[in-house]
Chemist: 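Take a look at the following structure, please.
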Number of protein chains: 2
Amino acid sequence: MKISEKNIERLLLYRRILCGLRSENVENIYSHQLARIADTTPEQVRRDIMSIGYSGSSVKGYNIIRLIESIGEFTDARETQRVTIVGAGNLGRALIDYFQGRRRKLFIAAIFDNDPQKIDRVIHGVRCYSVEQMKEVIQKNNIDVAILCVPAAAAQQVAELLIEAGIKGILNYAPVKLSLPSHIYVENRDMLLAVEKVAFFSRQH
Amino acid sequence: MKISEKNIERLLLYRRILCGLRSENVENIYSHQLARIADTTPEQVRRDIMSIGYSGSSVKGYNIIRLIESIGEFTDARETQRVTIVGAGNLGRALIDYFQGRRRKLFIAAIFDNDPQKIDRVIHGVRCYSVEQMKEVIQKNNIDVAILCVPAAAAQQVAELLIEAGIKGILNYAPVKLSLPSHIYVENRDMLLAVEKVAFFSRQH
DNA sequence: TTCACGCTGTTATTAATATAACAGCGTGAA
DNA sequence: TTCACGCTGTTATATTAATAACAGCGTGAA
Ligand SMILES: NC(=O)c1ccc[n+]([C@@H]2O[C@H](COP(=O)([O-])OP(=O)(O)OC[C@H]3O[C@@H](n4cnc5c(N)ncnc54)[C@H](O)[C@@H]3O)[C@@H](O)[C@H]2O)c1
Ligand SMILES: NC(=O)c1ccc[n+]([C@@H]2O[C@H](COP(=O)([O-])OP(=O)(O)OC[C@H]3O[C@@H](n4cnc5c(N)ncnc54)[C@H](O)[C@@H]3O)[C@@H](O)[C@H]2O)c1
């Protein structure tokens with residue numbers, strides 16, 4: 001079963017939307033309704049949902065609770081996945097504060113920094129460790145995802161340490177392309193480029 | 001002249017890389033070198049550069065200074081573009097602190113919030129205004145790009161106010177899809193979905 | 001002088017992705 | 001009972017983007 005990145009992004013978005021609807025006690029939804037909220041087309045929605053093997057009914061559309069479950073079965077790990085944030089600066093701290101507890105199946109288990117002021121402190125409920133302890137802590141806590149929030153100059157080096165410690169995927173907020181082995185999944189989220197991009201397209205209309 | 005989003009993203013990335021090289025006094029670069037740093041292929045690099053009408057030489061490759069200029073001519077506004085950040089919370093403040101002064105042609109001219117504690121204060125050098133003053137301040141300062149950092153529940157409403165005030169593009173960090181007129185350019189950067197996505201693909205390898 | 005080399009610019013091909021089209025089905029009105 | 005409707009699931013088409021192929025050119029070694 002092959003699934004593309006965009007596919008997954010949309011499925012995760014659908015789930016978010018569906019969870020919102022569920023809490024308003026909506027029970028069923030048609031592809032065209034979900035498409036409108038998710039800003040896509042009904043065909044795309046049906047296709048995405050088909051790709052995870054869930055089927056709706058032609059009368060009531062999709063059962064929201066069941067569909068949420070199906071997306072979860074497809075996208076989530078069986079057990080809770082553990083995540084670390086490296087770099088407890090402005091961005092890192094904002095993320096910890098925001099993230100913790102939002103997704104049942106994802107859990108921030110540790111923070112790493114190299115600033116002695118931050119090491120061994122608890123930040124928004126999560127313990128901050130020194131980079132020297134990385135391998136030990138990551139392996140002991142079975143962490144396999146890292147969010148990289150260190151300065152650009154340190155990013156490559158820290159990424160290599162993370163991989164050595166056993167990390168499988170990196171969400172990189174540092175504005176550099178990392179050069180890493182191909183079995184590591186890397187998603188770059190360059191916020192500066194994003195602003196430049198919006199600035200460009202805002203003039204094209 | 002038609003150009004795709006990915007095209008622009010790569011060009012902006014090339015520029016970032018090239019600026020770094022320029023400051024190390026590198027003068028020329030071949031497509032395969034740039035491709036390696038930008039994590040793409042030489043063909044893609046040549047094609048992207050072709051799309052903005054710049055030409056290198058088959059002997060020395062691309063002249064870095066000239067290429068930076070060409071990308072700038074293509075992507076940047078003639079005058080400095082003004083940007084606003086709405087929502088001076090954890091994320092908004094981190095962005096202000098980080099962003100200011102990093103790009104010559106982009107300038108954060110104002111912040112908006114609805115918290116009386118923040119209104120009329122200067123945050124990292126930028127004045128924070130109340131939402132009521134939005135239209136006036138945005139028009140007076142000729143701001144046309146907004147970065148949206150308000151809670152999800154407020155995002156749609158704030159986005160509509162921004163558009164009324166004359167904003168042309170929105171970089172949206174709130175985890176909701178905005179429903180807006182099609183002439184407004186919207187880029188969604190959902191950080192929670194990004195983590196979920198990395199968590200998924202980190203298991204697929 | 002000649003020729004092989006390695007680069008760019010461009011065209012051709014392939015792959016990925018989105019869009020459209022339509023068959024099948026259960027429902028409910030006539 | 002029959003038939004039109006509106007939905008899903010699936011197949012077909014179109015569009016877009018990435019990859020590969022190659023012609024043209026200046027260079028430098030033979
Ligand atoms: N703040 C933002 O809004 C923002 C926006 C876009 C991109 N970024 C990027 O995100 C990253 C972090 O930004 P920030 O504003 O939080 O920076 P920051 O300076 O506030 O924080 C960086 C943190 O990383 C730690 N650090 C530095 N070197 C380290 C190392 N080798 N190992 C471990 N920890 C190390 C520092 O001690 C500090 O706590 C940077 O790469 C920045 O370019 C930030
Ligand atoms: N902090 C993060 O790392 C993070 C990560 C992912 C997404 N986000 C998203 O970014 C947004 C902001 O996150 P945050 O952590 O900075 O939240 P926050 O609560 O710290 O800040 C929100 C700010 O928006 C202001 N605000 C609220 N309603 C407003 C309104 N109607 N008009 C103007 N201002 C208003 C508040 O006064 C506050 O200053 C949220 O939508 C959040 O989901 C944040």
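Protein chains get the first letters and strands the later ones, always in sequence-line order, with residue 1 at the start of each.
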Chemist: Sequence neighbours left out, what pairs pass side-chain hydrogen bond (donor to acceptor under 3.5 Å, both in side chains) with at least one residue falling in residues 21-31 of chain B?
Modeler: S31(B)-R46(B)

Chemist: Below 4.5 Å, heavy atoms only, C-beta onward: do V83(B) and I143(B) meet side chain to side chain?
Modeler: no

Chemist: If you measure from the Lys or Arg side-chain nitrogens to the Asp or Glu carboxylate oxygens, is any gap between D76(B) and K105(B) under 4.0 Å?
Modeler: no

Chemist: What I want to find out is whether K140(B) reaches E136(B) closely enough, with some N-O distance under 4.0 Å, to be called a salt bridge.
Modeler: yes

Chemist: Can you pull every protein N or O that's under 3.5 Å from an N or O on nucleotides 13-18 of chain D?
Modeler:
residue: dA18(D); atom: OP1; partner: R10(B); partner atom: NH1; Å: 3.3
residue: dA18(D); atom: OP2; partner: R10(B); partner atom: NH1; Å: 3.4
residue: dA18(D); atom: OP2; partner: R10(B); partner atom: NH2; Å: 3.2

Chemist: Please examine the side chains of L12(B) and T75(B), heavy atoms only from C-beta on, and report whether any two atoms are closer than 4.5 Å.
Modeler: yes

Chemist: Give every residue pair that meets the ring pair (Phe, Tyr, Trp, His ring centres under 6.0 Å) criterion with at least one member in residues 141-169 of chain B, sequence neighbours excluded.
Modeler: none

Chemist: Paired stems touching DNA chain C, three or more consecutive Watson-Crick or G-U pairs with both distances under 3.5 Å?
Modeler: C:1-30 with D:1-30

Chemist: Which one of R103(A), R102(A), R104(A) satisfies the salt bridge (Lys or Arg N to Asp or Glu O under 4.0 Å) criterion with E196(B)?
Modeler: R103(A)

Chemist: I need the full list of ring pair (Phe, Tyr, Trp, His ring centres under 6.0 Å) pairs touching residues 165-196 of chain B, with sequence neighbours left out, sorted by first then second residue.
Modeler: F201(A)-Y185(B)

Chemist: Summarise protein proximity over nucleotides 4-9 of chain D in one line of letters, 5' to 3': B for base, S for sugar-phosphate only, - for none, counting protein heavy atoms closer than 4.0 Å.
Modeler: ---BBB

Chemist: Going through the distances and angles, do R203(A) and D144(B) end up as a salt bridge (charged side-chain N to carboxylate O under 4.0 Å, His left out)?
Modeler: CA-CA 9 Å; R203(A) 298 199 313 275; D144(B) 57 12; over 6 Å; no

Chemist: Would you check if Y129(B) and T84(B) make a side-chain contact, meaning some heavy-atom pair closer than 4.5 Å?
Modeler: no

